[in-house]
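These notes are about the structure you will find just below.
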Amino acid sequence: MRIATWNINSITARLPRLLEWLSSAQPDVVCLQELKVAPEAYPEEALRELGYESVVNAGGRWNGVAVLSKVGVEDPVVGLPGAPEYEGAVEPRAAAATCGGVRVWSVYVPNGREVGHAHYAYKLEWLAALKETAAKSAPGALPFAILGDYNIAPTDQDVWDISLFDGATHVTPAERAALTALEDAGLAEVHPRALKYDVPFTYWDYRQLGFPKNKGMRIDLVFGNAAFGSAVKDSYVDREARKGKGASDHAPVVVDLEV
DNA sequence: ATGACCTTCAAGGAAGGA
């Protein structure tokens, strides 16, 4: 089984490239983030034509996630249990489904904006809620994974130049401690291989030739329980999908499982 | 070559991204 996660930065703008990638990469399950689409405008039919059912959590202009599956959708959940509100609203940042015997969550962790900003506190609260969900599902025999845009670089090597991140979000000890908390809950990171260069970055800023200069960050992550981890045969970042006109600023992370 | 921000909402520019 092939599972992928991809922040597509608007499913409307990215639909041609998404459909092309689905046809070539042939994933069975895909976790999408940053749909940036109203629920009624979600391209359900176009995805169904390629064989994918969707579990969608969309709220219009910002955020939005989905789980696509060719291998069935059971026990769908829309929204993270216990998720905090931001400015009085629960945002569409999580969706889950059991697909072909694997429980998957698609998550879009809040950005945080700046250390000390209300959005940063919100990010840490959101991650604390995510840990609770992880702790409930991790011990089971069912392969379980949380895939998505975590907006956290796990180590200093996961950004192109750590000296430029002094005081910035995405690399703070508190954010990284939230990843350690997921490990305490029984999950472990699935480390992808790079198709080029040493570090398999997953995000490159659109500005200032970020991608050609490989000024990237590894912030799209996969955390799985023991049953998931033991089924992993391969994982890589498909940086080819970041090339050319009309690309998302993130590349897909692909995980191949033997289940 | 991978190339110097992009997307949404809406009507011009703001907001968010990281």
Side-chain angles (χ1 to χ4, degrees), chain A residues 5-18 20-21 32-43 58-66 86-89 91-93 107-124 126-127 148-172 174-176 178-179 194-221 236-253:
Chain A
T5 180
W6 194 9
N7 178 324
I8 51 171
N9 185 20
S10 168
I11 196 168
T12 307
R14 214 68 57 213
L15 190 61
R17 287 194 60 134
L18 173 63
E20 182 185 27
W21 188 80
L32 298 176
Q33 300 87 37
E34 283 213 83
L35 300 178
K36 293 185 171 179
V37 73
E40 60 271 21
Y42 180 84
R61 186 174 192 180
W62 306 118
N63 313 307
V65 297
Y86 186 69
E87 295 183 340
E91 299 176 319
R93 293 182 176 276
V107 300
Y108 178 46
V109 176
N111 170 294
R113 298 188 191 162
E114 295 170 19
V115 176
H117 194 287
H119 209 264
Y120 180 76
Y122 168 56
K123 181 179 194 174
L124 296 177
W126 204 94
L127 286 160
D149 180 354
Y150 281 72
N151 273 315
I152 301 170
T155 74
D156 287 357
Q157 286 68 51
D158 292 315
V159 297
W160 78 94
D161 183 353
I162 191 62
S163 73
L164 301 176
F165 285 78
D166 190 29
T169 59
H170 294 63
V171 299
T172 65
E175 290 165 289
R176 288 174 175 168
L179 299 183
L195 297 186
K196 188 177 178 183
Y197 306 116
D198 295 335
V199 181
F201 293 143
T202 64
Y203 162 84
W204 301 259
D205 198 299
Y206 283 125
R207 292 166 289 188
Q208 298 172 314
L209 290 171
F211 184 62
K213 293 180 176 174
N214 200 34
K215 293 184 174 178
M217 303 172 73
R218 195 174 75 82
I219 55 177
D220 299 271
L221 310 173
Y236 62 93
V237 175
D238 187 359
R239 70 190 305 284
E240 296 296 314
R242 179 62 177 79
K243 294 181 179 179
K245 217 167 181 54
S248 170
D249 43 3
H250 294 249
V253 181

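None of these values were measured; they are calculated from a predicted model. First the proteins, then the strands, lettered A, B, ... as listed; each starts at 1.
Going from atom CG of A:Leu15 over to atom C1' of B:dC6 covers 17 Å, rounded to whole Å. Atom-to-atom, CZ of A:Phe201 to P of B:dA18 comes out at 16 Å; the value is rounded to the nearest Å. Distance, A:Tyr203 OH to B:dG16 P: 16 Å, rounded to whole Å. With rounding to whole Å, A:Glu91 atom CD is found 16 Å from B:dA15 atom P. With rounding to whole Å, A:Asn9 atom CG is found 19 Å from B:dA15 atom P. If you measure from atom CH2 of A:Trp160 to atom P of B:dA18, you get 12 Å, rounded to the nearest angstrom. Atom NZ in A:Lys215 sits about 20 Å away from atom P in B:dT2, given to the nearest Å. Spacing between atom OH of A:Tyr86 and atom C1' of B:dG16 amounts to 11 Å, rounded to whole angstrom units.
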| request: Toss me the dot-bracket line for DNA chain B: Watson-Crick and G-U wobble, both under 3.5 Å, 5' to 3', using | for pairs to another strand and [ ] for crossers. | output: ....(((((...))))).
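Between A:His250 and A:Tyr203, the ring-plane angle classifies as tilted under the 30° and 60° cut-offs.
The closest donor-acceptor contact from the side chain of A:Arg218 to the backbone of A:Ala153 lies at 3.5 Å or more, if one exists at all. Side chain of A:Asp166 to backbone of A:Ser163: no donor-acceptor contact under 3.5 angstrom is found. For A:Arg113 (side chain) and A:His119 (main-chain N/O), no donor-acceptor pair under 3.5 Å exists by modelled atom type. A distance-only check finds a donor-acceptor pair linking the side chain of A:Asn151 to the backbone of A:Val109 [under 3.5 Å].
Nucleotides B:dG13 and B:dA18 have their P atoms positioned 26 Å apart, rounded to a whole Å. Using C1' as the reference atom, B:dT7 and B:dG12 are 15 Å apart when rounded to the nearest Å. Going from the C1' atom of B:dA10 to that of B:dA15 covers 13 Å, rounded to whole Å.
Neither OP1 nor OP2 of B:dT7 sits under 4.0 Å from any side-chain N or O of A:Thr12. When the side-chain nitrogen and oxygen atoms of A:Asn151 are compared with OP1 and OP2 of B:dA18, one or more of them lie within a distance under 4.0 Å. Distances shown here put every side-chain N or O of A:His119 at or beyond 4.0 Å from the OP1 or OP2 atom of B:dA18. Between A:Arg61 and B:dG16 there is no side-chain N or O to OP1 or OP2 distance below 4.0 Å. Taking side-chain N and O atoms only, A:Arg207 has no distance below 4.0 Å to OP1 or OP2 of B:dG17. Between B:dG16 and A:Tyr108, no contact under 4.0 Å exists linking OP1 or OP2 to a side-chain N or O.
A:Gly244 comes within 4.0 angstrom of sugar-phosphate atoms only, judged by non-hydrogen atoms across all strands, and of no base. Among the atoms of the strands shown, none is found under 4.0 Å from any heavy atom of A:Asn63. Among the atoms of the strands shown, only primed sugar atoms or phosphate atoms (P, OP1, OP2) are found under 4.0 Å from some heavy atom of A:Ser10. No engagement by A:Glu240 is indicated, since no non-hydrogen atom pair under 4.0 Å with the nucleic acid exists.
For the residue pair A:Asn9 and A:Tyr206, a side-chain donor N or O sits within less than 3.5 Å of a side-chain acceptor on the partner.
Checked against a 6.0 Å centroid threshold, the rings of A:Phe165 and A:Trp160 count as neighbours.
In this structure, the nucleotide among B:dA15, B:dT7, B:dG17 sitting nearest to the side chain of A:Trp62 is B:dA15. Distance from the side chain of A:Asn111 is smallest to B:dG17 among B:dT8, B:dG17, B:dC5. With B:dG16, B:dT8, B:dC6 as the choices, the nucleotide that has an atom nearest any side-chain atom of A:Arg113 turns out to be B:dG16. Considering only the side chain of A:Tyr197, B:dT2 comes nearest among B:dT2, B:dT8, B:dG17.
Using a cutoff of 4.0 Å between basic side-chain nitrogens and carboxylate oxygens, A:Lys243 and A:Glu240 are scored as salt-bridged.
A donor N or O paired with an acceptor N or O is found under 3.5 Å between the base of B:dT2 and the side-chain atoms of A:Lys196.
The two residues A:Ile152 and A:Glu175 make their nearest non-hydrogen contact at CD1-O, 3.4 Å.
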